[in-house]
Asks: 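Input: one structure, supplied below.
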Amino acid sequence: MKRVITYGTFDLLHYGHINLLKRAKALGEYLVVVVSSDEFNWKEKHKKTYFNYEQRKQLLESIRYVDLVIPEESWQQKRTDMHEYHIDTFVMGDDWRGKFDFLQEEGVEVVYLPRTPEISSSQIKKDLYDANSVEGKSKTSHEDINTDPQSYM
């Protein structure tokens with residue numbers, strides 16, 4: 001059985017992530033997804049996620065292409081993961097091209113897949129912020145919205 005692995009934060013899960021997971025799974029029969037833990041995101045990547053690790057893990061486990069989800073705790077674990085999970089192919093988005101070629105020394109094929117060009121979690125965050133703020137404040141709160149159908153008659 002050919003085993004594939006990919007890594008990521010997978011915050012604000014979107015169709016670009018699904019495209020990556022689908023293409024990664026097509027390279028083998030078993031897909032391991034390694035999700036950055038909250039601590040790793042903060043300490044090493046200097047990123048705060050919207051969803052915590054357990055929530056992101058649960059979302060990924062519900063995707064049919066994903067067979068196993070495990071946490072990423074350090075940059076160094078990639079080498080050991082290749083052996084522990086008997087990986088044949090390591091997959092990342094092409095924005096990381098060349099950064100993980102050293103894993104070929106561990107006997108795995110390294111594949112960089114093209115990103116879905118028009119979507120990213122960072123862009124979603126920026127677009128939502130821009131669309132919902134006026135001078136840094138929300139345009140409308142839930143309290144300001146009338147949801148009573150009788151008031152529209």
Side-chain angles (χ1 to χ4, degrees), residues 3-103 106 108-145:
R3 298 168 71 90
V4 179
I5 197 166
T6 192
Y7 291 72
T9 301
F10 298 99
D11 196 24
L12 300 182
L13 194 66
H14 53 72
Y15 67 90
H17 291 132
I18 303 301
N19 286 342
L20 174 73
L21 297 170
K22 181 179 181 179
R23 291 180 291 159
K25 178 66 176 249
L27 297 173
E29 291 84 39
Y30 191 86
L31 178 60
V32 178
V33 178
V34 188
V35 180
S36 301
S37 70
D38 298 330
E39 296 79 16
F40 179 64
N41 269 329
W42 185 247
K43 289 179 185 172
E44 298 296 327
K45 296 181 175 182
H46 311 290
K47 288 169 44 173
K48 172 92 173 87
T49 58
Y50 183 81
F51 293 111
N52 68 37
Y53 169 79
E54 287 300 327
Q55 292 166 326
R56 291 178 284 125
K57 180 178 189 270
Q58 184 178 6
L59 287 166
L60 286 161
E61 287 173 337
S62 71
I63 298 169
R64 67 178 170 187
Y65 309 114
V66 177
D67 296 296
L68 176 66
V69 178
I70 61 170
E72 180 178 26
E73 304 290 348
S74 73
W75 292 112
Q76 295 76 25
Q77 88 178 59
K78 287 180 180 64
R79 283 191 189 272
T80 57
D81 286 348
M82 298 308 115
H83 300 286
E84 184 174 343
Y85 296 96
H86 310 286
I87 300 302
D88 300 292
T89 305
F90 171 92
V91 174
M92 287 296 282
D94 64 0
D95 52 327
W96 291 95
R97 185 169 302 285
K99 296 283 187 183
F100 299 107
D101 290 352
F102 66 88
L103 292 172
E106 306 304 319
V108 301
E109 176 185 18
V110 176
V111 176
Y112 299 100
L113 295 175
R115 292 177 57 97
T116 304
E118 70 278 4
I119 188 77
S120 75
S121 297
S122 298
Q123 189 63 48
I124 290 171
K125 289 176 187 177
K126 181 186 179 314
D127 290 349
L128 287 173
Y129 179 82
D130 291 348
N132 290 298
S133 68
V134 174
E135 296 176 15
K137 296 179 183 166
S138 179
K139 291 179 183 176
T140 307
S141 71
H142 289 130
E143 291 79 25
D144 296 333
I145 299 171

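Predicted, not measured: the structure shown is a model, and the values here were computed from it. Each residue takes its place number in the sequence, starting with 1. Excluded from the calculations below are hydrogen atoms, water molecules and symmetry mates; all remaining heavy atoms, backbone and side chain alike, are included.
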Asks: Hey, does the side chain of N41 reach the backbone of K47 with a donor-acceptor pair shorter than 3.5 angstrom?
Replies: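 Looks like no, no N/O pair under 3.5 Å.
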Asks: Any donor and acceptor pair, going by atom type alone, linking the side chain of E106 with main-chain N or O of K78 inside 3.5 Å?
Replies: no
Asks: Enumerate donor-acceptor pairs with a distance under 3.5 Å from any side-chain N or O in residues 25-37 to protein atoms, sequence neighbours excluded.
Replies:
from	atom 1	to	atom 2	distance (Å)
K25	NZ	Y65	O	3.4
K25	NZ	D67	OD1	3.4
K25	NZ	D67	OD2	2.7
E29	OE1	K2	N	2.5
S36	OG	K45	NZ	2.7
S36	OG	E72	OE1	3.0
S37	OG	F40	N	3.0
S37	OG	E72	O	3.3
S37	OG	E73	OE1	3.2

Asks: Is there side-chain contact between L60 and L21, with heavy atoms separated by less than 4.5 Å?
Replies: yes
Asks: Taking T6 for the side chain and V91 for the main chain, is one N or O donor matched with an acceptor at less than 3.5 Å?
Replies: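 Yes; at least one donor-acceptor contact below 3.5 Å.
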Asks: Any side-chain heavy-atom pair from R79 and F102 closer than 4.5 angstrom?
Replies: yes
Asks: If you measure from CG on D88 to CZ on R3, what distance do you get to the nearest 0.5 Å?
Replies: 8.5 Å
Asks: Is a side-chain N or O of R56 found less than 3.5 angstrom from the main chain of D11, in a donor-acceptor match?
Replies: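 No, because the side chain of R56 does not come within donor-acceptor range (under 3.5 Å) of the backbone of D11.
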Asks: CZ/F10 to CG/L59 distance, rounded to the nearest 0.5 angstrom?
Replies: 11.5 Å
Asks: Which residue pairs satisfy the ring pair (Phe, Tyr, Trp, His ring centres under 6.0 Å) criterion with at least one member in residues 78-97, sequence neighbours excluded?
Replies: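 As it turns out, the ring pair (Phe, Tyr, Trp, His ring centres under 6.0 Å) pairs with a partner in residues 78-97, which skip direct neighbours, are Y7-F90, F90-F100, W96-F100.
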Asks: State, with a plain yes or no, whether a side-chain heavy atom of I18 is found less than 4.5 Å away from one of I63.
Replies: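 Yes, at least one pair of side-chain atoms sits under 4.5 Å.
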Asks: Heavy-atom count check: over 12 atoms from other residues, nucleotides or ligands less than 6.0 Å from E61 CD?
Replies: yes
Asks: Considering only residues two or more places apart or on different chains, which pairs with a residue in residues 89-98 satisfy salt bridge (Lys or Arg N to Asp or Glu O under 4.0 Å)?
Replies: D95-R115
Asks: Please report the interatomic distance NE2(H46) to CD(E44), rounded to the nearest 0.5 Å.
Replies: 7.0 Å
Asks: Do P114 and R23 have side chains that approach each other closer than 4.5 Å (heavy atoms only, starting at C-beta)?
Replies: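 A side-chain contact under 4.5 Å exists here.
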